[in-house]
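Data block below; observations after.
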Amino acid sequence: MESLRIRVNGKELQVEKGVKLGEVFGILGIQNAVGGKSGSRLIDLLTPLQEDMELTPVFKEDPESLDIMRHTLSHILAQALKELYGYEKVHLGVGPTTEEGFYYDVEVEGHTISSEDLPRIEEKMREIIAKNYPIFRKEVGREEAIKLFSDLKEKYKVEIINRIDEGETISIYGQNGFVDLCRGPHVPFTGMVGEFKLTHVAGAYWMGDSSRPMLQRIYGIAFWDKKDLEERLKFYEEAKKRDHRRIGRELELFLIEDEVGAGLVLWLPKGAILRKTLEDYWKEEHLKRGYQLVYTPHVGNAKLWQTSGHLDYYRPNMFSSMEIEGEEYFVKPMNCPFHIAVYKSKVRSYKELPIKLAELGTVYRYEMSGVLHGLMRVRGFTQDDAHIICAPEQVEEVIQETLEFAIDVLRDFGFEDFKVYISTKPADAIGSPQQWELAEKALKKAVERMGIEYEIDEGGGAFYGPKIDVKIRDAIGRLWQCSTIQFDFNLPERFDMEYVGSDNRRHRPYMIHRAIFGSIERFVGVLLEHYAGLLPLWLSPVQVRVLPVSSEKHLTYAREVEGYLREKGIRVELDARDERLSARIRDAELQKVPYILVIGDKEMEGKHVSVRGKKEGNLGSMAVEAFTNLLLEKIGKKE
RNA sequence: GCCGGCGUAGCUCAGCGGCAGAGCGAGGCACUCGUAAUGCCUAGGUCGUGGGUUCAAGUCCCACCGCCGGCUCCA
């Protein structure tokens, strides 16, 4: 028998080839290990060791251990389904782990699983766990595997086997009469899994291909500790509480209605003022940084979209055409062709570059009905769009400046944590290698210089150019894609864009698309979820609500205060309804108004107001001017 | 678009073959009130739309529209 040298935590051990990792740990007196790790590779206790290796044990404290037990839970889920609906009726797809749990894609003949079935399935799973069945692992040959899974009527598994590379080991795992094709890793007994809960069931195409059958995906979450599980469930509840669709209705910000159309947003007065605040800020910041604002139409001639290539490549996402005086027109899905037309309105000199054209351009895109979601995914939205046209030697500086701009803006809205993704040249790219190299280098350099954490999505760029995407982390840790800076080597060619260089010759400029918010709609949605509706003062649709204690005695002075604040540019409302003061306070609190001013006899005497802050609580009485100055200072600081 | 669930008053929801309901909100009246809900009264519905089954349909069946959870797509 061949022998192997295994190093665990620095201790070297000589064992026979084929000895299971669990036995190795046993010899070494390592207890409670869930599995082992060699480099980044996870190995479970059931796996026979075939080569010399250095290992560290994985315990429950190690995050990798979750992956192992979640994987086993997905098998237990599969077995539970087989037990409940019949071994030959349940066809298994794939059952991987997720960031917080696991799922299994299955097809159940003659039954569709609904969320009502989940408790029963869970119960069956707990039975399997309680029995503490030993889990086995076996390596099988390709032919043997195909025969085994064909006999089991596991058509999807057979398909997977056929896709496995020659030479790769094919392993099966199972327990108590249940067998699954699986790479592992798993815990050695069904009783070793942690706390779990099945959360929901949804459809999922086999292999993610819409031309293949749709399976049912059963999702579960799982952690070692009940505490962690409950925390995760609380997170879902918290997310639900922050749902911008709910907040939007409660605070009367926006409306999306059947009568108007799916994915089309009506901005109610309070939402409109929020949007205006965002837009005014946006325009000011752009002007400060040398952008030129433009306005372009909502529709454009088909010839334009032909030249841009949208009709060839983007047509499925465009609304149907309309005919005007024998010419075909389309509602715009993008602003770029118009901005290019602005650029081309005259001969451009290198001295003008970079030219930065910006517009809050409302575009319409056909999105499949199933993907529409509140403000986050709509059919009509306003991009905070800009196109930067520059010379090659300006690219680096332009990218740097643009990225800084985006981050500065996002910081102003209270986001501090960013994740940046750079997508590089895909296989089917157009443009010269020099162009790609220059562009990709500029992107990387900009991110590195700013010291932001980033990842590279190798080959993930669009065919027409590489890009940077910025995602922001919200108050409960979720990432939202917002800003994007995207090179375009395609449109300058298609539209024959030029500038005259210092050599008096014509040159092709570089063009960069960029958005900071992404879309106004989506960004407002993200803001609402980030702040759970309690927007910072400078963004609040209503910043102050004035409440006279008595709607008769104090009304005149209350109106005076209201008028004064309004004149100072503060968004103020008077609530002199014939209601108890505490009822009106409650109402203002629920509407998340940052400051409530109570006005009674005492305040009237000294031209004071009694201030109650949403965050600070009762701040006591102060002079109207003092309060106004305090407020204006806070608004100025974007608090 | 696909799979599953769901559409009942402005909102949140109950009713699941036999007289359309509740709370909040809205309107009216009384109370004139000091930091998170004063009381009483009233109005409000082709039960998403269209078809079908039935003596009888929010309720059962079919189609469509929309919403929710996913999948897919996001030149």
Side-chain angles (χ1 to χ4, degrees), chain A residues 93 103 105-107 111-118 199-219 236 240 243 245-246 249-250 252 255-264 305 308-318 333-334 336 365-374 377 426 428 430 461-465 469 481 484 486 488 490-491 513 518 545 547-555 576-591 593 596-603 610-614 617-621:
Chain A
Y103 67 78
D105 285 350
V106 296
E107 181 179 81
H111 181 75
T112 43
I113 293 163
S114 78
S115 44
E116 281 161 31
D117 297 320
L118 297 183
T199 51
H200 57 287
V201 53
Y205 294 110
W206 171 234
M207 301 310 292
D209 181 345
S210 59
S211 67
R212 306 298 309 272
M214 180 161 276
L215 308 184
Q216 289 197 283
R217 178 169 297 177
I218 301 170
Y219 284 91
Y236 280 123
K240 214 169 151 189
D243 192 323
R245 293 166 298 187
R246 206 177 104 121
R249 191 169 43 236
E250 283 171 3
E252 297 179 10
L255 203 64
I256 299 173
E257 268 217 302
D258 308 11
E259 205 179 294
V260 175
L264 302 171
W305 305 110
S308 68
H310 285 94
L311 287 185
D312 292 331
Y313 298 101
Y314 204 66
R315 186 72 180 258
N317 286 295
M318 292 169 71
M334 293 189 192
C336 4
R365 295 182 186 173
Y366 169 71
E367 299 278 3
M368 287 189 288
S369 57
V371 306
L372 300 175
H373 180 88
R377 200 70 188 268
D428 59 346
I430 61 146
F463 74 85
Y464 52 86
D469 288 323
Q481 152 98 56
T484 177
Q486 165 87 61
D488 194 325
N490 185 37
L491 291 180
H513 309 261
R545 196 173 276 185
L547 309 185
V549 174
S550 155
S551 58
E552 286 166 14
K553 265 201 307 191
H554 312 121
L555 184 60
R577 280 177 306 159
D578 193 10
E579 288 288 345
R580 297 283 182 278
L581 178 64
S582 56
R584 284 177 288 153
I585 286 174
R586 180 171 192 269
D587 201 52
E589 291 283 349
L590 290 175
Q591 285 292 306
V593 176
I596 297 169
L597 300 184
V598 176
I599 285 172
D601 289 339
K602 279 179 273 172
E603 288 72 24
S610 172
V611 182
R612 177 181 163 128
K614 173 88 189 145
N618 200 333
L619 292 170
S621 182

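Below, each value reflects all heavy atoms present in this structure, side chains not excepted, and no hydrogens, waters or symmetry copies.
Only the P atoms considered, B:C24 is 14 Å distant from B:A37, to the nearest whole Å. Nucleotides B:C29 and B:G34, compared at atom P, are 23 Å apart to the nearest Å. Rounded to whole Å, the P atom of B:G48 lies 6 Å from the corresponding atom of B:U8. B:G25 and B:G17 are spaced 34 Å apart, taking the P atom of each and rounding to whole Å. Using C1' as the reference atom, B:C6 and B:A14 are 15 Å apart when rounded to the nearest Å. B:C68 and B:C33 are spaced 44 Å apart, taking the C1' atom of each and rounding to whole Å. Comparing B:G21 with B:G44, their C1' atoms sit 13 Å apart, to the nearest whole Å.
Rounding to whole angstrom units, OH of residue A:Y366 and P of B:A75 are separated by 17 Å. Computed from coordinates, the A:I596 CD1 to B:G34 P distance equals 16 Å when rounded to whole Å. Residue A:L547 contributes atom CG, which lies 12 Å from atom C1' of B:A36 at whole-angstrom precision. Rounded to whole Å, the distance from CZ on A:R245 to C1' on B:G66 is 14 Å. Taking atom CG of residue A:L215 and atom C1' of nucleotide B:G4, one finds them 13 Å apart after rounding to whole Å. Counting to the nearest Å, the P atom of B:C65 and the CD atom of A:E257 are 18 Å from each other. The CD1-C1' distance, from A:I256 to B:C68, rounds to 13 Å in whole Å. Between the CD atom of A:E250 and the C1' atom of B:G10 there is a distance of 14 Å, rounded to whole Å.
Minimum atom distance to the side chain of A:S114 is reached by B:G4, of the listed B:G1, B:C68, B:G4. Ranking B:A37, B:U35, B:A75 by closeness to the A:A583 side chain, first place goes to B:A37. Minimum atom distance to the side chain of A:I585 is reached by B:U35, of the listed B:C67, B:G4, B:U35.
With sequence neighbours left out, A:R586 forms a salt bridge (Lys or Arg N to Asp or Glu O under 4.0 Å) with no residue at all. For A:V549, the side chain to side chain contact (heavy atoms under 4.5 Å, CB included) test picks out A:H554, A:L581, A:V598, with sequence neighbours left out. Considering only residues two or more places apart in sequence or on other chains, A:K553 meets the side-chain hydrogen bond (donor to acceptor under 3.5 Å, both in side chains) condition with A:D601. For A:R584, the salt bridge (Lys or Arg N to Asp or Glu O under 4.0 Å) criterion is met by no residue, not counting sequence neighbours. Taking A:K614 as the reference, A:E589 meet the salt bridge (Lys or Arg N to Asp or Glu O under 4.0 Å) condition, with sequence neighbours excluded. In this structure A:E579 satisfies the side-chain hydrogen bond (donor to acceptor under 3.5 Å, both in side chains) test with no other residue, sequence neighbours excluded.
Under the Watson-Crick or G-U wobble criterion, with both distances below 3.5 Å, B:G66 is paired with B:C6. Using Watson-Crick or G-U wobble geometry with both donor-acceptor distances under 3.5 Å, B:G25 finds no partner in any strand shown. Checking B:C47 for Watson-Crick or G-U wobble geometry (two distances, each under 3.5 Å) identifies no partner in any strand. In this structure B:A30 sits in a base pair with B:U38, meeting the Watson-Crick or G-U test at under 3.5 Å. Base pairing analysis places B:G18 opposite B:C55; the two distances defining the Watson-Crick or G-U wobble pair are each below 3.5 Å.
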So A:R545 and A:D587, side-chain contact (heavy atoms from CB on, under 4.5 Å) or not? Walk me through it. CA-CA 10 Å; A:R545 196 173 276 185; A:D587 201 52; 3.5 Å; yes

If you apply the rule side-chain contact (heavy atoms from CB on, under 4.5 Å), what do you find for A:C336 with A:L491, and how did you get there? CA-CA 9 Å; A:C336 4; A:L491 291 180; 3.9 Å; yes

Quick one, A:V106 with A:I113, criterion side-chain contact (heavy atoms from CB on, under 4.5 Å). Give me CA distance, side-chain angles, the key distance, then yes/no. CA-CA 10 Å; A:V106 296; A:I113 293 163; 4.2 Å; yes

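With a glycosidic angle further than 90° from 0, B:G69 counts as anti.
Of the two residues near RNA chain B, A:I599 and A:D488, the one whose nearest nucleotide lies more 5' is A:I599. Nearest-nucleotide mapping onto RNA chain B: of A:F463 and A:A262, the residue sitting toward the 5' end is A:A262.
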Using a cut-off of 4.0 Å between protein heavy atoms and nucleotide atoms, how would you tag nucleotides 24-33 of chain B 5' to 3' with B, S and -? -------BBB

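Across all strands, A:N490 comes closer than 4.0 Å to base atoms (heavy-atom distances). Counting non-hydrogen atoms under 4.0 angstrom, A:G617 reaches nothing in the nucleic acid. Among the protein residues, A:K240 comes within range of no part of the nucleic acid, since none of its heavy atoms lies under 4.0 Å from any strand.
Between the side chain of A:Q591 and the backbone N or O of A:E250 there is at least one donor-acceptor pair closer than 3.5 Å. A donor-acceptor distance shorter than 3.5 angstrom exists from the side chain of A:Q486 to the backbone of A:G465, with no hydrogens or angles considered. No donor-acceptor distance shorter than 3.5 angstrom exists from the side chain of A:D243 to the backbone of A:K240, with no hydrogens or angles considered.
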Ignoring hydrogens and angles, write down the donor-acceptor pairs under 3.5 Å from the side chains of residues 309-318 of chain A, residues two or more places apart or on other chains.
{"from": "A:H310", "atom 1": "ND1", "to": "A:S308", "atom 2": "OG", "distance (Å)": "2.5"}
{"from": "A:Y314", "atom 1": "OH", "to": "A:R365", "atom 2": "NE", "distance (Å)": "3.2"}
{"from": "A:Y314", "atom 1": "OH", "to": "A:R365", "atom 2": "NH1", "distance (Å)": "3.4"}

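For A:H373, no side-chain nitrogen or oxygen approaches OP1 or OP2 of B:C67 to under 4.0 Å. Using a 4.0 Å cut-off, no side-chain N or O of A:S582 falls inside it from OP1 or OP2 of B:U35.
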Below 3.5 Å is the cut-off: list the nitrogen or oxygen pairs between protein and nucleotides 46-48 of chain B, distance only.
none

Could you pull out the protein-nucleic contacts involving nucleotides 11-16 of chain B (nitrogen or oxygen on both sides, under 3.5 Å)?
{"from": "B:C11", "atom 1": "O3'", "to": "A:R249", "atom 2": "NE", "distance (Å)": "3.4"}
{"from": "B:U12", "atom 1": "OP1", "to": "A:R249", "atom 2": "NH2", "distance (Å)": "3.0"}

Between N or O atoms, less than 3.5 Å apart, protein on one side and nucleotides 70-74 of chain B on the other: list the pairs.
{"from": "B:G70", "atom 1": "O3'", "to": "A:Y219", "atom 2": "OH", "distance (Å)": "3.3"}
{"from": "B:G70", "atom 1": "O2'", "to": "A:Y219", "atom 2": "OH", "distance (Å)": "3.3"}
{"from": "B:G70", "atom 1": "N3", "to": "A:G203", "atom 2": "O", "distance (Å)": "3.4"}
{"from": "B:C71", "atom 1": "O4'", "to": "A:G203", "atom 2": "O", "distance (Å)": "3.1"}
{"from": "B:C71", "atom 1": "O2'", "to": "A:Y205", "atom 2": "N", "distance (Å)": "2.9"}

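Taken from CD in A:E107 to CE in A:M214, the straight-line distance is 12.0 Å, to the nearest 0.5 Å.
Taking the six-membered ring where tryptophan is involved, the planes of A:H513 and A:Y464 are perpendicular, since the angle between them exceeds 60° and thus also 30°.
Between the side chain of A:E603 and the base of B:G34 there is at least one donor-acceptor pair of N/O atoms closer than 3.5 Å.
For residues 203-215 of chain A, every residue pair satisfying the salt bridge (Lys or Arg N to Asp or Glu O under 4.0 Å) rule, not counting sequence neighbours, is listed here: A:E159-A:R212.
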